[in-house]
Amino acid sequence: MSLATKTAFKGVIPPLVTPFDADENIDVEALRAEIRLHLAAGVQGICVTGSTGDGQMLSLEQSVTIAKVAVEEVAGAIPVIAGIIRDSTAEVIRYGKAIAETGVDALQVTPVHYLFQPDEATTIEYYRRITEATGAPVIIYNVIPYALIPATTVYRCIQEIELVVGVKQSGGNIHQLADLLKAAPTEGAVLTAVDDLLYPAYLLGAQGAVSATLTVVPDLCVAQWNAVQAGDHKTALDIHNKLLPVWRAIDGPNMTVRIKAALELQGRNGGLGAHPLTPVSEAERVTIRSALVEAGVLPV
């Protein structure tokens with residue numbers, strides 16, 4: 001895990017889909033192709049087995065397989081983050097130990113959340129136990145709408161736990177992201193997953209993003225990140241207005257299958273969804289295609 005320092009995670013880090021075949025097994029070749037496409041686009045990292053990768057549906061064995069493939073394909077060029085979406089400390093540690101052995105650079109871990117919202121002390125202890133048991137760097141995945149970790153607690157986790165290397169702030173909450181950035185933790189990265197506000201998040205100081213839009217249109221997202229770094233705000237804003245309809249088209253229930261439809265429309269193979277996810281309707285497909293046309297990704 002040589003890349004897993006407190007400053008390793010920045011820029012465009014797409015969370016990849018998990019391609020399933022008709023028997024709901026992992027389509028490894030489709031996954032490899034997606035990783036290669038993102039590497040060619042110039043991304044600064046990749047994330048597997050997160051929400052966009054249906055991480056909550058994956059067995060331990062599937063999660064390990066996907067992480068191994070990602071580490072092999074990347075071959076040390078950029079960091080690899082692997083998500084864990086479980087609902088007990090023991091299960092997170094069980095997954096985390098196995099996944100860490102693949103050589104990923106960090107684990108992305110949600111809080112526990114099923115009918116439960118831990119208090120600050122419990123949350124800090126939860127992430128402390130995970131890092132101590134796995135020995136792996138951890139990025140807090142702050143996404144669960146009814147169990148969002150307050151910005152003050154996230155700040156303490158980053159500052160006080162050596163192996164907590166950052167947070168992915170999701171849940172559509174730009175206000176919490178702003179609070180985190182104002183607090184300015186000095187020991188880790190604050191990454192955004194507020195898809196319709198990537199550009200404003202960068203302006204506020206987010207060190208990068210891990211969000212579904214990056215997966216659908218990585219070239220545009222890398223161009224936007226580079227424009228912001230260069231101070232070319234006209235280009236960055238123009239790209240923001242292209243990305244916005246893409247996010248609106250893929251957002252909502254059944255989202256990972258919508259994302260896979262967006263990939264298919266571009267000639268990419270994101271595989272099938274696993275049951276009970278259902279294929280997108282023709283009306284949804286038309287909406288997604290229109291958004292990709294508006295973004296300039298598909299011809300009119």
Side-chain angles (χ1 to χ4, degrees), residues 1 4 9 13 15-20 24-26 31 46-71 79-150 153-154 157-158 161 163-171 188 191 193 210-212 254-256 273-277:
M1 297 187 185
F9 305 99
I13 306 174
L16 305 191
V17 297
T18 297
F20 295 103
E24 299 192 5
N25 296 315
I26 308 300
L31 176 61
I46 60 168
C47 177
V48 293
T49 66
S51 298
T52 302
D54 296 312
Q56 74 285 352
M57 304 173 74
L58 298 172
S59 69
L60 175 60
E61 293 76 16
Q62 288 173 320
S63 298
V64 168
T65 294
I66 292 165
K68 281 182 178 177
V69 169
V71 170
V80 176
I81 301 168
I84 301 174
I85 308 173
R86 298 290 122 183
D87 242 329
S88 75
T89 308
E91 273 293 275
V92 172
I93 289 171
R94 188 170 76 92
Y95 271 63
K97 284 181 174 179
I99 294 170
E101 290 181 359
T102 68
V104 298
D105 297 285
L107 306 174
Q108 176 184 275
V109 182
T110 62
V112 296
H113 51 275
Y114 182 68
L115 300 179
F116 177 62
Q117 183 175 16
D119 59 18
E120 181 167 89
T122 306
T123 298
I124 293 171
E125 178 66 11
Y126 168 72
Y127 283 105
R128 192 184 305 279
R129 285 192 185 191
I130 293 164
T131 59
E132 288 178 353
T134 64
V138 166
I139 293 172
I140 296 169
Y141 186 12
N142 204 9
V143 66
I144 311 301
Y146 42 86
L148 281 175
I149 306 173
T153 305
V154 172
C157 287
I158 294 173
I161 304 173
L163 283 174
V164 171
V165 295
V167 58
K168 171 183 169 179
Q169 179 56 47
S170 188
L191 305 168
V210 186
S211 66
N254 218 26
M255 187 173 77
T256 57
H275 193 269
L277 297 172

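Scope of the values below: all heavy atoms of this structure, side chains included, with no hydrogens, waters or symmetry mates. Residue numbers run from 1 in the order of the sequence given. All values reported here derive from a predicted model rather than from experimental measurement.
Considering every non-hydrogen atom in both G273 and F20, the closest pair reads C-CD1, 4.2 Å. Of all non-hydrogen atoms in L277 and M57, the two that sit nearest each other are CD1-SD, 4.1 Å. Across all non-hydrogen atoms, the minimal contact from V109 to Y126 is CG1-OH, 3.5 Å. Here the closest non-hydrogen pair linking V92 and I130 is CG1-CD1, 3.5 Å. Across all non-hydrogen atoms, the minimal contact from N142 to Q169 is ND2-OE1, 3.0 Å. In terms of heavy-atom proximity, I13 sits nearest to C47 at CG2-N, 4.1 Å.
Between Y127 and P111 the shortest side-chain heavy-atom distance falls below 4.5 Å. When side chains are defined from C-beta on, T89 counts as touching I93, because their heavy atoms get closer than 4.5 Å. Proximity of H113 to Y146: side-chain heavy atoms (C-beta onward) are separated by under 4.5 Å at one or more points. With a 4.5 Å cut-off on side-chain heavy atoms, I140 and I149 count as touching. Looking at T49 and I84, their side chains never come closer than 4.5 Å, going by heavy atoms from C-beta outward. In this structure the side chain of T134 reaches within 4.5 angstrom of the side chain of L107, judged on heavy atoms.
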Practice prompt. Start with the C-alpha distance between L16 and T52, add both sets of side-chain angles, then the distance that settles side chain to side chain contact (heavy atoms under 4.5 Å, CB included), and finish with yes or no.
Written response: CA-CA 6 Å; L16 305 191; T52 302; over 6 Å; no
Discussion item. Does I139 form a side chain to side chain contact (heavy atoms under 4.5 Å, CB included) with V165? I'd like the steps, not just the answer.
Written reply: CA-CA 6 Å; I139 293 172; V165 295; 3.7 Å; yes
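Contact check on R129 versus E132 returns no salt bridge, with no Lys/Arg side-chain nitrogen under 4.0 Å from an Asp/Glu carboxylate oxygen. Taking the charged nitrogens against the carboxylate oxygens, K97 and E101 have no contact shorter than 4.0 Å, which rules out a salt bridge.
For the pair Q62 (side chain) and I26 (backbone), a donor-acceptor distance under 3.5 Å is absent. In this structure a side-chain-to-backbone donor-acceptor pair under 3.5 Å is missing from T18 to D54. No donor-acceptor pair under 3.5 Å is formed between the side chain of D87 and the backbone N or O of V112. Between the S63 side chain and the S59 main chain, a donor and an acceptor come within less than 3.5 Å of each other. Distance alone, capped at 3.5 Å, places no donor-acceptor pair between the Q56 side chain and the R86 backbone. In terms of modelled atom types and a separation under 3.5 Å, the side chain of Y95 and the main chain of L60 share a donor-acceptor contact.
Here the options are I81, I85, L191, the test is side chain to side chain contact (heavy atoms under 4.5 Å, CB included), and the partner is Q108; only I81 passes.
Y141 and S51 are linked by a side-chain donor-acceptor pair at a separation below 3.5 angstrom, with hydrogens and angles left out of the test.
Atom CD1 of I66 sits about 11.5 Å away from atom CD of E61, to the nearest 0.5 Å.
Atom CZ of R128 sits in a crowded spot, with more than 12 heavy atoms from other residues, nucleotides or ligands closer than 6.0 Å.
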